[in-house]
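As structure tokens, the structure follows; a few thoughts come after it.
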Protein chains: 2
Amino acid sequence: MTNIVLCPNLSNMASVKKEQVSKVSAEEKILSAARKLFTERGLHAVKTRDIASEAGINLALLNYYFRSKEMLYARVMSENLTGFKRSVSDLFGNENMDLFEKIEHLSELYFLEFGSNPELLLFIFNTMHQNPELFLDGDGMQQSRMVLFKQIEDLMKKKKIKKMHPAHVMMNLMSMTMFPYLMFPFIKQRAKLDDAQMLALLKDRVTLIPEWMKLILKP
Amino acid sequence: MTNIVLCPNLSNMASVKKEQVSKVSAEEKILSAARKLFTERGLHAVKTRDIASEAGINLALLNYYFRSKEMLYARVMSENLTGFKRSVSDLFGNENMDLFEKIEHLSELYFLEFGSNPELLLFIFNTMHQNPELFLDGDGMQQSRMVLFKQIEDLMKKKKIKKMHPAHVMMNLMSMTMFPYLMFPFIKQRAKLDDAQMLALLKDRVTLIPEWMKLILKP
DNA sequence: GTCTATAGACGGATAGAC
DNA sequence: GTCTATCCGTCTATAGAC
């Protein structure tokens with residue numbers, strides 16, 4: 001996988017002083033190997049030896065750079081989560097975007113994030129169950145979700161929809177956008193699809209989901 | 001990894017006649033401790049010593065009854081999965097039940113199964129990703145799903161819905177029924193609900209989901 | 001910075017007493 | 001059937017050469 005080492009250009013060795021050109025550092029090789037393995041198998045099923053050999057470096061280097069396996073895990077986890085939480089928060093909190101437009105952007109965000117890495121979502125849920133404290137909202141996220149929630153409540157009030165709790169709308173949105181990525185291997189196998197067809201289906205959902213959400217919100 | 005072979009339990013069928021009277025046998029104590037811990041944390045995060053102490057028995061007994069940790073795991077997994085797969089298959093395959101009635105029964109089935117044990121669904125998905133071979137359908141399931149799928153296709157043909165793949169209907173159904181159980185801890189915390197309120201919400205969905213599915217299928 | 005070699009702890013499994 | 005004691009491989013972490 002990621003062991004792409006760009007060959008330094010032999011004709012101008014002199015200019016290689018600052019490293020922009022060439023090798024991925026050992027630290028980065030370890031990080032990306034760890035990200036891959038931890039995300040696929042979790043903390044305990046992955047041994048430091050696995051990471052070292054996947055990264056093509058020596059076992060001792062892992063401790064040299066990251067002190068311990070746990071610290072490396074924490075680092076990977078934090079990187080996996082923060083970028084993701086940030087983009088969702090920004091989207092939810094946008095006061096000037098229409099609800100259904102927001103829903104479409106959310107679908108697309110997930111498609112980009114999870115379509116290329118179906119294991120990540122499962123990893124996130126495992127983390128959420130095992131280390132819920134990592135998901136305690138910062139002020140930013142809390143406020144952002146309020147914005148989205150208010151948009152939903154306003155719409156329901158306007159449409160006079162009273163018989164269901166607004167949380168159901170939120171659950172349905174989350175379910176329809178995220179769950180298919182968890183079912184990825186399952187659906188692929190059952191429907192006898194290859195990766196490309198599967199991705200095409202998931203991409204269709206980016207525009208279909210807002211339509212379904214409209215239907216659910218307009219009885 | 002090691003070949004986990006699902007072995008139907010033949011070992012203690014005969015011995016069940018005794019014991020109604022009093023104490024739970026050591027074997028059962030181990031099984032229920034293992035079920036709890038494996039379901040919560042997975043195979044590798046659980047140590048045999050954890051199981052022994054949770055069960056209140058000695059470490060050696062675990063091997064005495066189950067030969068090895070992995071065999072115990074396989075046993076627990078098999079018990080978790082087979083009952084569940086069976087009831088879904090029976091429901092899907094019922095030729096005489098209307099599609100939306102079937103959807104309502106499915107919602108209810110999941111409510112009963114996962115409402116009382118939110119960790120189980122996550123466990124199932126982890127297993128699905130790590131040991132997909134355990135989910136290869138028997139003939140029964142394969143045929144059952146065909147029955148359901150045909151009902152969906154027939155309805156879509158009748159309603160002249162052409163712009164979406166029938167698989168989306170299946171994905172939406174699965175998403176809306178199952179995903180909220182995965183989000184359980186998340187939703188509870190965000191919406192500041194207690195367990196009872198949360199369960200009430202999930203129970204509402206049993207009747208709401210068929211209605212939403214109707215809306216999605218009737219543009 | 002990167003390697004080899006190894007210390008030291010942990011965890012699964014078993015021998016053997018009762 | 002149930003226990004204690006222990007074996008032995010595996011794993012993380014580190015010492016020390018280069």
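Residue numbers start from 1 in every chain, and the chains themselves are labelled A, B, ... in the order their sequence lines are given, proteins ahead of strands.
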Study note, to complete from the structure: Sorted by chain and number, sequence neighbours left out, side-chain contact (heavy atoms from CB on, under 4.5 Å) with A:Met146 holds for none
Revision key, fill the gap. Nt span of DNA chain C in reach of chain B heavy atoms at under 4.0 Å, 5' end first, is C:dG11 to C:dA15
Study note, to complete from the structure: Sequence neighbours excluded, the answer for side-chain contact (heavy atoms from CB on, under 4.5 Å) partners of A:Glu95 is A:Val147
Exercise for review: Rounded to the nearest angstrom, tell me the gap between atom NZ in A:Lys69 and atom C1' in D:dT10.
Suggested key: 12 Å
Practice item. Mind telling me whether A:Phe125 and A:His129 have parallel, tilted or perpendicular rings, with 30° and 60° as the class edges? Key: tilted
Point to revise | Atom CD of B:Glu101 with >12 non-hydrogen neighbours under 6.0 angstrom | key: yes
Practice item. Under the side-chain contact (heavy atoms from CB on, under 4.5 Å) rule, collect the residues that match up with A:Asn96, sequence neighbours excluded. Key: A:Asn94
Exercise for review: Using five base pairs at each end, measure the axis-to-axis angle across the helix from C:dG1-D:dC18 to C:dC18-D:dG1 and round it to 10 degrees.
Suggested key: 10°
Point to revise | Rounded interatomic separation in angstrom, taking CD1 from A:Ile51 and P from D:dC11 | key: 12 Å
**Study point:** Nucleotide D:dT10, atom C1' - distance to NZ of B:Lys47 in whole Å
**Key:** 11 Å
Point to revise | salt bridge (Lys or Arg N to Asp or Glu O under 4.0 Å) contacts in which one or both residues fall within residues 175-186 of chain A, not counting sequence neighbours | key: none
Review point. What residues form a side chain to side chain donor-acceptor pair (under 3.5 Å) with B:Gln151, not counting sequence neighbours?
Key: B:Lys102
Check your understanding: How would you label the contact of A:Phe66 with the nucleic acid (heavy atoms, under 4.0 Å): base, sugar-phosphate, or nothing?
Key -> nothing
Study note, to complete from the structure: Contacts of A:Asp50 meeting salt bridge (Lys or Arg N to Asp or Glu O under 4.0 Å) (sequence neighbours excluded), chain-then-number -> A:Arg41
**Study point:** salt bridge (Lys or Arg N to Asp or Glu O under 4.0 Å) contacts touching residues 178-202 of chain B (sequence neighbours left out)
**Key:** A:Asp137-B:Arg190, B:Lys188-B:Asp195
Revision key, fill the gap. What residues 54-62 of chain B contributes to the DNA chain D interface at heavy-atom separation below 4.0 Å is B:Asn58, B:Ala60, B:Leu61
Study note, to complete from the structure: From CG of B:Asn63 across to C1' of D:dC7 the rounded distance in Å is 13 Å
Check your understanding: Who passes side-chain contact (heavy atoms from CB on, under 4.5 Å) against B:Phe111, sequence neighbours left out?
Key -> B:Tyr181, B:Leu199, B:Leu202, B:Lys203, B:Val206
Exercise for review: Keeping to residues at least two apart or across chains, list the salt bridge (Lys or Arg N to Asp or Glu O under 4.0 Å) pairs with something in residues 72-88 of chain A.
Suggested key: A:Arg35-A:Glu79, A:Arg75-A:Glu79, A:Arg86-A:Asp90
